[in-house]
Protein chains: 2
Amino acid sequence: MYIEIDFESSEAIYEQLCNQIILGIAKNMIREGESLPSVRAMAEQVGVNMHTVNKAYNVLKEDGFLSVDRRRGAVVYVDKEKITALRELKRDLTIALAKASCKNISRAEVHALIDEICEDYK
Amino acid sequence: MYIEIDFESSEAIYEQLCNQIILGIAKNMIREGESLPSVRAMAEQVGVNMHTVNKAYNVLKEDGFLSVDRRRGAVVYVDKEKITALRELKRDLTIALAKASCKNISRAEVHALIDEICEDYK
DNA sequence: TCCCTGTTATAGTTTTATTATAACAGAGAG
DNA sequence: CTCTCTGTTATAATAAAACTATAACAGGGA
């Protein structure tokens, strides 16, 4: 699980961590039941403070991607509760598609892009 | 152009403004060439400071949704430059679809959701 | 006992968002 | 010309969020 932080980005470090871990799960680079590095190890690995990693792990726990316990650390355990996931997806897509629509990106182009991106997830 | 700000939201006010204006353009509620209220008028209308509105207008200008001039104010003028728009769309979709994939939302469900959302944009 | 784990607490710094005033220059209307 | 509207700029203050720095605690495993 290689994680790269862009310290120049306007995106918060803990958000970058969350996103890259979610990407790692989607791409099957880290599998259900496996553990992430401890907060201290991950912090040292990417060069940030322990609390920043802890915040990321807790957000992921809150969003149902991890299960944290004292013994095994942050374990990938995805809660497949679809209702809220769908609601969130719709919210994200609504604004992204509005921008695309303004820029004359066709619905077909969007569908094609979706398929292209989904190739990496299975 | 009715705009509603959720002051409880964790989303920044200027971002809410940007998103709602983009939605307004996508939904054809405000058309190319039309003007938005002046920064002062909009600020009073939604109950925030002038500078917050000014920031939103400038972000939208930067992103190619508005053209601001001293006489006519913030005019809807969408720069249809597709390359950067596509790049940004891909970035947005990449993380949204990763989350969806983790939650076992199928590609077909995503396509259906896209079509549903796009119904409002034409 | 020692070491690793997550967790909590406290404090300080930095950055961002927001507000508050104020002023300036350009354009249009009277 | 004067008045009033526009966006723009400057300055300052406040509030919140993000990040870091130390430190300590409790639980589990070797």
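For the numbers below, each heavy atom of this structure counts, side chains included, while hydrogens, waters and symmetry mates do not. First the proteins, then the strands, lettered A, B, ... as listed; each starts at 1.
- Remark on DNA chain D: of its neighbouring residues A:A12 and A:R40, the 5'-side contact belongs to A:A12, judged by nearest-heavy-atom nucleotide.
- Other residues, nucleotides and ligands contribute over 12 non-hydrogen atoms within 6.0 Å of the CD atom of A:Q45.
- Heavy atoms from other residues, nucleotides or ligands lying under 6.0 Å from CZ of B:F7 number more than 12.
- An OP1 or OP2 oxygen of C:dA17 is reached within less than 4.0 angstrom by a side-chain nitrogen or oxygen of B:Y14.
- The distance from atom CD of B:Q16 to atom P of C:dT18 is 8 Å, rounded to the nearest whole Å.
- Nucleic acid contact for A:Y57: none, since no nucleic acid atom lies under 4.0 Å from a heavy atom of the residue.
- Residues B:Y57 and B:I21 form a side-chain contact, since some pair of their non-hydrogen atoms from C-beta on lies under 4.5 Å apart.
- C:dT5 atom C1' lies 11 Å from atom CG of A:N54, rounded to whole Å.
- At whole-Å resolution of the value, CE in A:M50 and C1' in C:dA9 are 11 Å apart.
- Stacking of A:K103 on the aromatic ring of B:F65 is recorded, both the 6.0 Å distance cut-off and the 45° axial limit being met.
- Taking atom CG of B:L17 as the reference point, atom C1' of C:dT19 lies 15 Å away to the nearest angstrom.
- Of all the residues in residues 41-49 of chain A, A:V48, A:N49 reach under 4.0 Å from DNA chain D with at least one non-hydrogen atom.
- Between the B:Q20 side chain and the B:L17 main chain, no donor and acceptor come within less than 3.5 Å of each other.
- For A:K27 and A:E119, the salt-bridge test fails: no basic side-chain N is under 4.0 Å from an acidic carboxylate O.
- A salt bridge links B:K80 and B:E32; the closest N-O separation between the charged side-chain nitrogens and carboxylate oxygens is under 4.0 Å.
- Between A:A74 and B:R71, it is A:A74 whose nearest contact on DNA chain C lies nearer the 5' terminus.
- Between B:K55 and C:dA17 there is a side-chain N or O to OP1 or OP2 distance below 4.0 Å.
- When each of A:H51 and A:R72 is assigned the nucleotide of DNA chain C with its nearest heavy atom, A:R72 is the one assigned upstream, toward the 5' end.
- Using a 4.5 Å heavy-atom threshold, the side chains of B:I114 and A:I114 count as touching.
- With a heavy-atom cut-off of 4.0 Å to chain B, the contacted part of DNA chain D has its first and last nucleotide at D:dT6 to D:dA10.
- Remark: A:K61 fails to qualify as a cation-pi partner of A:Y77 under the 6.0 Å distance and 45° angle criteria applied to the six-membered ring.
- Taking side-chain N and O atoms only, B:T52 has a distance below 4.0 Å to OP1 or OP2 of C:dT19.
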